[in-house]
Amino acid sequence: MSVITIERKVLEKNDEIANINRTLLKENRVFTFNLVSSPGSGKTSILEHTVDHLKDKIKLGVIEGDVQTDLDAQRIARHGVPVVQIVTRGGCHLDAPLIRDAINKLDIRNLDVLVIENVGNLVCPANYDLGEEVKVVVISTTEGDDKPLKYPAMFRNASVLIINKIDLLPYVNCNIQELIKNALQINPKLEIFETSCTSGAGIESWCGWIINRASK
Ligand code: MG
Ligand code: ZN
């Protein structure tokens with residue numbers, strides 16, 4: 001029982017700071033989303049394509065979360081947008097205080113959109129509000145079609161599902177109709193995009209969604 005109490009206190013404190021982050025971002029009209037997935041789904045590759053598509057249209061900033069190394073931040077920085085790397089040194093999720101510190105390092109008055117790339121993990125990032133407006137969950141076709149049933153909390157809390165690596169569908173054991181059915185069974189409100197960072201498929205309509213949300 002005491003473990004549950006401690007955990008709840010940690011989450012309460014987290015949510016308090018998340019709300020401060022959200023207020024600050026809203027006051028500065030920065031549309032913020034939290035990109036979550038298991039490791040290797042292609043979050044950073046999607047983000048690279050996204051930045052290239054949008055950087056001349058809107059002002060983007062990126063917060064990169066990784067357990068170790070700043071390799072992903074280096075990849076994003078090459079595309080010429082401001083990026084802050086958070087290294088959790090073993091921590092398996094980002095939390096609101098880390099995002100508060102990262103926001104302080106960005107000139108948010110000059111941003112339209114802030115993307116937070118979370119640590120690759122489909123479990124606890126579902127429970128940690130960072131102050132984002134929406135969560136976007138990425139799943140790749142190489143992970144099979146049953147992930148939404150195995151990790152329902154993440155799919156329930158997300159507003160958007162990106163199904164990545166659709167170019168690999170002929171070679172992997174993934175029925176995309178089944179995957180979509182499973183995801184919608186958990187969360188009927190999910191907006192779904194199908195993408196490939198190899199062919200560029202779906203990137204345009206995904207970026208259209210961002211522009212639409214950012215202009216609201
Ligand atoms: Mg990454
Ligand atoms: Zn964690």
Side-chain angles (χ1 to χ4, degrees), residues 3-15 17-18 21 32-55 60-102 106 113-132 135-143 147 150-158 160-165 168 193 195-198 202-203 206-207 210:
V3 174
I4 293 171
T5 310
I6 290 163
E7 206 162 79
R8 189 180 300 142
K9 273 200 173 150
V10 168
L11 282 176
E12 274 171 13
K13 183 73 192 158
N14 181 79
D15 289 353
I17 296 171
N21 291 346
T32 304
F33 64 89
N34 179 0
L35 198 55
V36 294
S37 79
S38 45
S41 66
K43 288 192 299 305
T44 311
S45 296
I46 291 172
L47 206 41
E48 287 186 277
H49 281 270
T50 304
V51 166
D52 276 344
H53 259 75
L54 294 180
K55 68 181 175 189
L60 272 159
V62 175
I63 297 173
E64 274 293 332
D66 280 288
V67 172
Q68 211 52 264
T69 80
D70 62 354
L71 293 171
D72 283 359
Q74 289 179 36
R75 281 170 64 185
I76 299 299
R78 269 181 230 131
H79 298 263
V81 295
V83 50
V84 176
Q85 175 80 54
I86 298 170
V87 177
T88 63
R89 300 199 189 282
C92 52
H93 57 268
L94 296 177
D95 61 23
L98 287 170
I99 296 305
R100 179 182 55 191
D101 295 347
L106 287 164
V113 173
L114 174 62
V115 187
I116 302 167
E117 183 183 336
N118 216 313
V119 175
N121 176 358
L122 276 180
V123 186
C124 31
N127 300 322
Y128 281 82
D129 183 5
L130 305 178
E132 75 273 10
K135 286 187 176 67
V136 174
V137 59
V138 180
I139 182 168
S140 63
T141 57
T142 54
E143 299 171 64
K147 275 266 163 80
K150 288 181 172 172
Y151 301 92
M154 188 57 91
F155 290 82
R156 203 173 295 126
N157 294 347
V160 174
L161 165 64
I162 297 178
I163 302 173
N164 193 32
K165 306 189 190 179
L168 297 181
F193 297 95
T195 60
S196 163
C197 293
T198 308
I203 298 292
W206 153 241
C207 288
I210 296 174

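Just so you know, ligand 1 is whichever comes first in the structure, and atom 1 is the first atom listed for that ligand. Index from 1, following the sequence.
- For Asn157 against Lys135, the heavy-atom pair with the smallest separation is O-CB, 3.9 Å.
- Ser38 places no side-chain N or O within 3.5 Å of a backbone atom of Leu122 that could act as its donor or acceptor partner.
- Using a 4.5 Å cut-off on side-chain heavy atoms (C-beta onward), Ser37 and Val136 make no contact.
- As for Asp72, its N/O/S atom nearest the Mg ion (ligand 1) is the one called OD2.
- With rounding to the nearest 0.5 angstrom, the CE atom of Met154 is 8.0 Å from the CG atom of Asn127.
- Vertex the Zn ion (ligand 2); arms to Cys92 atom SG and His93 atom ND1; angle 130° (nearest 10°).
- Within Glu117, the N, O or S atom at minimum distance from the Mg ion (ligand 1) carries the name OE2.
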